[in-house]
Amino acid sequence: MEPDFFERVYEVVRLIPPGRVTTYGAIARFLGSGRSARAVGYALNACHGIQPMVPAHRVVNRIGLLSGKHHFDPHQPMVALLAAENIQVTEDRICDFERLFWNPESLL
DNA sequence: GGTGTGACAATGG
DNA sequence: GCCATTGCCACAC
């Protein structure tokens, strides 16, 4: 296991450009684990109180569904954060998800 | 160190 | 398209 896994997840999430989104699986693949998408979600579960802030609202599941919005801070709902970045959301799903999708590998 | 859990993903019907 | 099953990895207990 890698103790820095959380930190790595946080770093990648912070690299997501404003107005774009990515998926748990994409992050997992970028980290080399490929199949540790669930672990990514687990990491984001502990992102509360992390400094600097982790834009976890830009991370959704593979279909663009806001699976974790229920876990967000009540004062900063996931949808509101997304709306602040001009990301349209309908029925807990990202509008034009495929268009807004950002692959971490694009950095390489 | 085994067991259960999860903000997932891929596959098959 | 939806639902059920399976695999998967990291973590808490």
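Numbered from 1 within each chain, the chains take letters A, B, ... in sequence-line order. Because only heavy atoms are used, hydrogens play no part in the values below, and waters and symmetry mates are left out as well, while side chains stay in.
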Q: Rounded to the nearest Å, what distance is computed from the CZ atom of residue Arg8(A) to the P atom of nucleotide dC11(C)?
A: 11 Å
Q: Under 4.0 Å: is that the gap between some side-chain N or O of Thr23(A) and OP1 or OP2 of dC8(B)?
A: no
Q: Atom CG of Asn45(A) and atom C1' of dC8(B): how far apart are they, to the nearest Å?
A: 13 Å
Q: When you get a sec, tell me which of dC11(C), dA10(B), dC8(B) is the closest nucleotide to the side chain of Arg38(A)?
A: dC8(B)
Q: For the pair Tyr42(A) and Phe6(A), name the ring-plane relationship: parallel under 30°, tilted 30 to 60°, perpendicular over 60°.
A: tilted
Q: In terms of side-chain heavy atoms of Ala39(A), which of dA10(B), dC9(C), dA7(B) is nearest?
A: dC9(C)
Q: Out of dA7(B), dC11(C), dA9(B), which has the shortest distance to the side chain of Asn61(A)?
A: dA9(B)
Q: Is a donor-acceptor pair below 3.5 Å formed from side chain Tyr42(A) to base dA10(C), judging by atom type as modelled?
A: no
Q: Roughly how many Å is it from CZ in Phe97(A) to P in dC8(B), rounded to a whole number?
A: 13 Å
Q: What's the closest nucleotide to the Arg62(A) side chain, out of dT11(B), dA7(B), dA10(C)?
A: dT11(B)
Q: Between His70(A) (NE2) and dA7(B) (P), how many Å, whole number?
A: 11 Å
Q: Would you mind telling me which residue lines up with the more 5' stretch of DNA chain B, Arg29(A) or Ala46(A), judged by nearest nucleotide?
A: Ala46(A)
Q: For the pair made of OH in Tyr24(A) and P in dT5(B), what is the distance, rounded to whole Å?
A: 20 Å
Q: How long is the line joining OH of Tyr10(A) and C1' of dA10(C), in whole Å?
A: 12 Å
Q: Checking His57(A) side chain against Ala80(A) main chain: does a donor-acceptor pair fall under 3.5 Å?
A: no
Q: If I take atom CD in residue Glu91(A) and atom C1' in nucleotide dG1(C), what distance separates them, rounded to the nearest angstrom?
A: 16 Å
Q: Where the side chain of Leu44(A) is concerned, which of dC9(C), dA7(B), dC11(C) is the nearest nucleotide?
A: dA7(B)
Q: Students often get this wrong, so: under 4.0 angstrom with heavy atoms, is His57(A) touching a base, only sugar-phosphate, or nothing?
A: nothing
Q: Using a cut-off of 6.0 Å, state whether more than 12 heavy atoms not belonging to Arg35(A) lie near its atom CZ.
A: no
Q: For the side chain of Phe6(A), starting at C-beta, report the closest nucleotide among dA10(C), dC8(B), dA7(B).
A: dA10(C)
Q: Hey, are Glu85(A) and Arg20(A) close enough for a salt bridge, meaning a charged N less than 4.0 Å from a carboxylate O?
A: no
Q: Which one of Leu31(A), Ile16(A), Val13(A), Thr22(A) satisfies the side-chain contact (heavy atoms from CB on, under 4.5 Å) criterion with Pro104(A)?
A: Thr22(A)
Q: Please state whether the phosphate of dG7(C), meaning OP1 or OP2, lies under 4.0 angstrom from any side-chain nitrogen or oxygen of Arg35(A).
A: no
Q: Output the rounded distance in Å from CD1 (Ile63(A)) to P (dG1(C)).
A: 9 Å
